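In the text below, chain A, chain B and the rest are named by the order of the sequence lines, each starting its count at 1. Model, not experiment: these values are computed from the prediction.
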Amino acid sequence: MADKPRFFITTAIDYPNSRPHIGTAFEKIGADVQARYRRMQGYDVFFLMGNDENTIKVVKRARELGKEPQAYCNEMADQFKEVWRALNISNDDFIQTSEPRHHAGCQQFIQKVFENGHIYKGSYEGWYCEGCEEFKTEKQIKEAGGVCPNHNTPPVRRSEPCYYFALSKFQDRLLRFYEDNPDFIQPESRRNEIVSLVQTELLDVNITRSGQNWGIRVPFDDSYTIYVWFDALLNYVTGIGYGTEAERFAHWWPADVHFIGKDITRFHCALWPAMCFAAGIAPPRRVFGHGFVYRKDDASGDRIKESKTLGNVTDPMDIITRFSGEAFRYYFMRECPFPGDGDFSWLRFAEVYNSDLANNLGNLYSRVLRQISLNYGTVLEGTAGQAPEVINSEGSVHTAVAEVQQHLEACQYNQALQKIWLLILDPANRYADRTEPWKLVKQDKEAAKKVLYNLVEPLRQGAILLKPFIPRAAEVIYRSFNFSRPWEEVRYEDVVTRPAQTEPLRLLADLPDGKPKPLFPRIA
RNA sequence: GGCGGCGUAGCUCAGCGGUUAGAGCAGCGGCUUCAUAAGCCGCGUGUCGCUGGUUCGAUCCCAGCCGCCGCUACCA
């Protein structure tokens, strides 16, 4: 195990104020595809997700429901996990920031930064709403026309003592860091925004609040709790044992990639590395700010504003129930470019599902299996040791795999998937039509057997290539045959270098009436 | 206002100095029937946002303009 390269992946932790929506699911799937791909390629992967619970809103929401904050958080965490399970997200851990391990690690971290001299006491002055019992930003007040957006009352100017993190001291070091690590911020377009922001001016950040019971106490002054980002970002280290399991932390840190929404790149690309510098740990290696997905109206083609108050939020579970978790994964990875924004519409979803999954992949699987079972029972005798002929006329399989990998590693999932269809699956359907094994079998049963043997190959290749994207369907395809390489051990290289078939090819799929169950039943 | 991005077929996008600008989906026509009424073949005269410039040559480089969008810090 020690010689395996390790790979530590995280996603943003989510607010448990409401259930997960399609945007949060998009992020988790994108991260999961990467995690699954890296595992296949021999990395020792740790994939961390979680919920961000130390906020005043949690307390308010819990109170509204007549619950204890902790109980509320746990219930919400269960709801999140339920959705992630339905989407077959392979996270290794799920951290709740209300957990003791997070509290302990967090306190140790802030203490360290304090001792290193990067935290000082000052005071925060801003617009305070007495109804909300919290400070409002200039922007919030301005947008609401000079009043509190919640209470419609004018805020008061208020000043309160607090602790600051001396972010401004890290300006030069951050700029040097970006220069030395040009790939740190992904995608590239986000990079300029951050660099110019840091170049302009870095302001110290207020990292404490007073008068709160819920949250993490500041160890060097327990009348304060740690405020927002200084707490939330730390889940990435407390989740792997910072402050509680030194050895484990040393093994996994720094993170190879943080997957986050593009709206919070600033905190991850400027504040977070500076916090790491201040605490004397390495900064993360890469931050990937993905795009957003929007709901699109089928009739008008317009983007719909989803909001809790309007009650029109699309629940991922509705989509999963109507189609499947695999279909959900496929749609968002194929249809929405991960670095950019994308749209979801029910109509489009059904189109993509039927066209790519049911008609193309699913039907290819069905027709090949059916031909074999119809004419040869379950065994293609004499195929042991035989190598299938290459039927891909679009270019070499080697090139196809290289292209898919390149896209996968750049998180261009939509392009990776398009390549799999274009270079592996489509040619197989064409080959079947060209060779017509259903006719050939009547004249030359041996020749038809060969054709079918050749047709199994793109199914094997497709299953391997699709494993990170639609792991369940890929597994069903792969396990329908007695391929020599165990499913758990397949790698992308196996697509090109086919492990020798020691036994004659055999169908292991469940075949009621000689027909396989449809992988993706067509939706009317 | 400042910095940055985008504008390519009905839709989603690829291409980013050089033969007739490409894919998928949708649409239309034909073939086929092994298969999930699936598959295959054929069909696009698109001002590559507009106007100039650089170049032997620009969708791809530069400038200006028009239209969208992001960031411009303490809500995560």
Within 45° cone and under 6.0 Å: [X] NZ/CZ vs [Y] ring:
{"X": "Arg370(A)", "Y": "Trp438(A)", "result": "no"}
{"X": "Arg348(A)", "Y": "Tyr353(A)", "result": "no"}
{"X": "Lys121(A)", "Y": "Tyr164(A)", "result": "no"}

Expressed in whole Å, how much space separates the [atom1] atoms belonging to [N] and [M]?
{"N": "A63(B)", "M": "C74(B)", "atom1": "C1'", "result": "39 Å"}
{"N": "G39(B)", "M": "C62(B)", "atom1": "P", "result": "43 Å"}
{"N": "C65(B)", "M": "C71(B)", "atom1": "C1'", "result": "23 Å"}
{"N": "G4(B)", "M": "U20(B)", "atom1": "P", "result": "35 Å"}
{"N": "G10(B)", "M": "G49(B)", "atom1": "P", "result": "13 Å"}
{"N": "G44(B)", "M": "G24(B)", "atom1": "C1'", "result": "15 Å"}
{"N": "G17(B)", "M": "U59(B)", "atom1": "P", "result": "13 Å"}
{"N": "A26(B)", "M": "C13(B)", "atom1": "C1'", "result": "14 Å"}

Side-chain N or O of [X] versus OP1/OP2 of [N]: is the shortest distance under 4.0 Å?
{"X": "Arg367(A)", "N": "G39(B)", "result": "no"}
{"X": "Tyr227(A)", "N": "A76(B)", "result": "yes"}
{"X": "Trp229(A)", "N": "A76(B)", "result": "yes"}

Hey, would you say the [X] and [Y] ring centroids sit under 6.0 Å apart?
{"X": "Tyr413(A)", "Y": "His407(A)", "value": "no"}
{"X": "Phe349(A)", "Y": "Phe323(A)", "value": "yes"}
{"X": "Phe277(A)", "Y": "His118(A)", "value": "no"}

Does the side chain of [Y] come within less than 4.5 Å of [X]'s, by heavy atoms?
{"X": "Ile319(A)", "Y": "Ile22(A)", "answer": "yes"}
{"X": "Pro516(A)", "Y": "Tyr365(A)", "answer": "yes"}
{"X": "Tyr224(A)", "Y": "Pro161(A)", "answer": "yes"}

Next on the checklist: Using heavy-atom distances to pick each residue's nearest nucleotide on RNA chain B, tell me which of Val352(A) and Glu436(A) is more 5'.
Outcome noted: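 It is Val352(A) whose nearest nucleotide is closer to the 5' end.
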
Measure [atom1]/[X] against [atom2]/[N] and give the value in whole Å, please.
{"X": "Arg434(A)", "N": "C41(B)", "atom1": "CZ", "atom2": "P", "result": "9 Å"}
{"X": "Phe323(A)", "N": "U36(B)", "atom1": "CZ", "atom2": "C1'", "result": "15 Å"}
{"X": "Gln199(A)", "N": "C3(B)", "atom1": "CD", "atom2": "P", "result": "13 Å"}
{"X": "Tyr330(A)", "N": "C25(B)", "atom1": "OH", "atom2": "P", "result": "10 Å"}
{"X": "Lys419(A)", "N": "A23(B)", "atom1": "NZ", "atom2": "P", "result": "11 Å"}
{"X": "Leu361(A)", "N": "A35(B)", "atom1": "CG", "atom2": "C1'", "result": "13 Å"}
{"X": "Lys439(A)", "N": "C34(B)", "atom1": "NZ", "atom2": "C1'", "result": "11 Å"}
{"X": "Ile185(A)", "N": "C3(B)", "atom1": "CD1", "atom2": "P", "result": "19 Å"}

Look at all strands and tell whether [X] reaches a base, only sugar-phosphate, or nothing, counting heavy atoms closer than 4.0 Å.
{"X": "Tyr365(A)", "answer": "nothing"}
{"X": "Lys515(A)", "answer": "sugar-phosphate"}
{"X": "Leu364(A)", "answer": "nothing"}
{"X": "Leu519(A)", "answer": "base"}
{"X": "Pro521(A)", "answer": "base"}
{"X": "Ser355(A)", "answer": "sugar-phosphate"}

Which nucleotide in [options] has an atom nearest any side-chain atom of [X]:
{"X": "Tyr15(A)", "options": "C74(B), A76(B), G70(B)", "answer": "A76(B)"}
{"X": "Arg370(A)", "options": "U32(B), A35(B), G24(B)", "answer": "A35(B)"}
{"X": "Val205(A)", "options": "U33(B), C74(B), C25(B)", "answer": "C74(B)"}
{"X": "Gln415(A)", "options": "A14(B), C34(B), C25(B)", "answer": "A14(B)"}
{"X": "Lys296(A)", "options": "C34(B), C40(B), U12(B)", "answer": "U12(B)"}
{"X": "Arg522(A)", "options": "C25(B), A38(B), U32(B)", "answer": "A38(B)"}
{"X": "Asp52(A)", "options": "A14(B), A76(B), C34(B)", "answer": "A76(B)"}

Item to check | Secondary structure string for RNA chain B (Watson-Crick or G-U under 3.5 angstrom, | for other-strand pairs) | outcome: ((((((((.[[[[.)..(...]]]].(((((.......))))).....[[[[[..)....]]]]])))))))....

Item to check | Flag if over 12 foreign heavy atoms under 6.0 Å of CD, Glu179(A) | outcome: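 No, not enclosed.
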
Checklist entry - Is there a donor N/O on one and an acceptor N/O on the other, under 3.5 Å, for the side chain of Asn359(A) and the base of A38(B)? => result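 Side chain to base: no pair present.
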
